[in-house]
Amino acid sequence: RKEVEQDPGPFNVPEGATVAFNCTYSNSASQSFFWYRQDCRKEPKLLMSVYSSGNEDGRFTAQLNRASQYISLLIRDSKLSDSATYLCVSYNYQLIWGAGTKLIIKP
Amino acid sequence: NAGVTQTPKFRILKIGQSMTLQCAQDMNHNYMYWYRQDPGMGLKLIYYSVGAGITDKGEVPNGYNVSRSTTEDFPLRLELAAPSQTSVYFCATGGGSEQFFGPGTRLTVL
């Protein structure tokens with residue numbers, strides 16, 4: 001079993017839709033969690049950290065459920081510019097990366 | 001500030017050749033990392049360094065070597081390149097949480 005697992009995707013959604021990404025992690029000792037965004041043929045960049053209380057940054061909301069070892073990312077009112085691959089990452093002295101879920105926003 | 005720079009951007013190697021991927025940072029971070037990313041996969045840690053003179057193996061170190069003589073530079077050496085090393089290589093710097101990545105080196109071994 002992979003340490004961090006994500007929906008394989010791709011997700012094809014119309015502009016303006018709400019998109020939800022799911023992620024599970026196997027190491028209960030993982031201390032922190034993050035969502036990174038990676039544009040095609042580019043390097044990953046931090047999108048947001050994930051806190052147990054849930055956190056929001058504009059149209060993006062991240063949630064962590066430690067009991068279920070589950071992380072989510074919600075994008076509301078999706079834009080064409082949101083098209084990218086979204087990587088779920090856990091941290092336990094090292095970053096452990098999910099394979100990513102590709103999102104394609106259609107006009 | 002350039003952040004994290006990597007050279008070359010692209011390289012094609014023949015089986016058995018060697019090369020060094022260069023990485024430099026001007027962010028004054030102690031931690032530096034080398035990852036590889038195969039198509040459709042997440043990043044795999046090759047080597048990392050917590051400071052000048054200190055390096056350690058990551059998840060997939062076989063076939064690679066690193067050195068860290070300065071805070072700024074963290075080169076990755078491939079000896080005897082194999083087709084399985086065809087990948088995109090990312091250098092990164094930062095602390096335990098947010099990491100800042102270079103633009104990557106696309107390596108093909110034929």
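By convention in this document, chain letters (A, B, ...) are assigned in the order of the sequence lines, proteins followed by strands, and residues within each chain are numbered from 1. In this text the structure is predicted, and so the values were computed from the model without any measurement.
- Between A/Y36 atom OH and B/Q99 atom CD the span is 5.5 Å, to the nearest 0.5 Å.
- With a threshold of 4.5 angstrom between heavy atoms, B/E59 does not approach chain A through any atom at all.
- Atom CG of A/L87 is separated from atom CD of B/Q37 by 6.5 Å, given to the nearest 0.5 angstrom.
- Two rings, from B/F101 and A/W97, have their centers less than 6.0 Å apart.
- B/V66 and B/V88 fall into different hydrophobic clusters, where Ile, Leu, Val, Met, Phe, Trp and Tyr are joined by side-chain heavy atoms under 4.5 Å apart, directly or via other members.
- When the shell of 6.0 Å around CD1 of A/I104 is examined, it contains more than 12 heavy atoms from other residues, nucleotides or ligands.
- A/Q38 touches chain B through its side chain: at least one heavy atom from C-beta onward sits under 4.5 Å away, while N, CA, C and O do not.
- The minimum heavy-atom distance between B/F10 and A/R41, with the atom names listed, is CE2-NH2, 4.5 Å.
- The cluster map of Ile, Leu, Val, Met, Phe, Trp and Tyr, joined by side-chain heavy atoms under 4.5 Å apart, puts B/V60 and A/Y93 in different clusters.
- A distance of 4.5 Å separates CG of A/L95 from OH of B/Y35, quoted to the nearest 0.5 Å.
- Nearest heavy atoms, A/A99 versus B/G40: CB-O, 3.8 Å.
- If you chain together hydrophobic residues whose side chains sit under 4.5 Å apart, B/L21 and B/L13 fall into the same group.
- Proximity to chain A (any heavy atom under 4.5 Å) is restricted, for B/L45, to the side chain, taken from C-beta onward.
- Shown here is A/Y51, whose OH atom has no more than 12 heavy atoms of other residues, nucleotides or ligands within 6.0 Å.
- Grouping the Ile, Leu, Val, Met, Phe, Trp and Tyr side chains by contacts below 4.5 angstrom, directly or via other members, places B/Y33 apart from B/Y89.
- The cluster map of Ile, Leu, Val, Met, Phe, Trp and Tyr, joined by side-chain heavy atoms under 4.5 Å apart, puts B/M19 and B/I12 in different clusters.
- Contact annotation for B/Y48: only side-chain heavy atoms (C-beta onward) come within less than 4.5 Å of a heavy atom of chain A.
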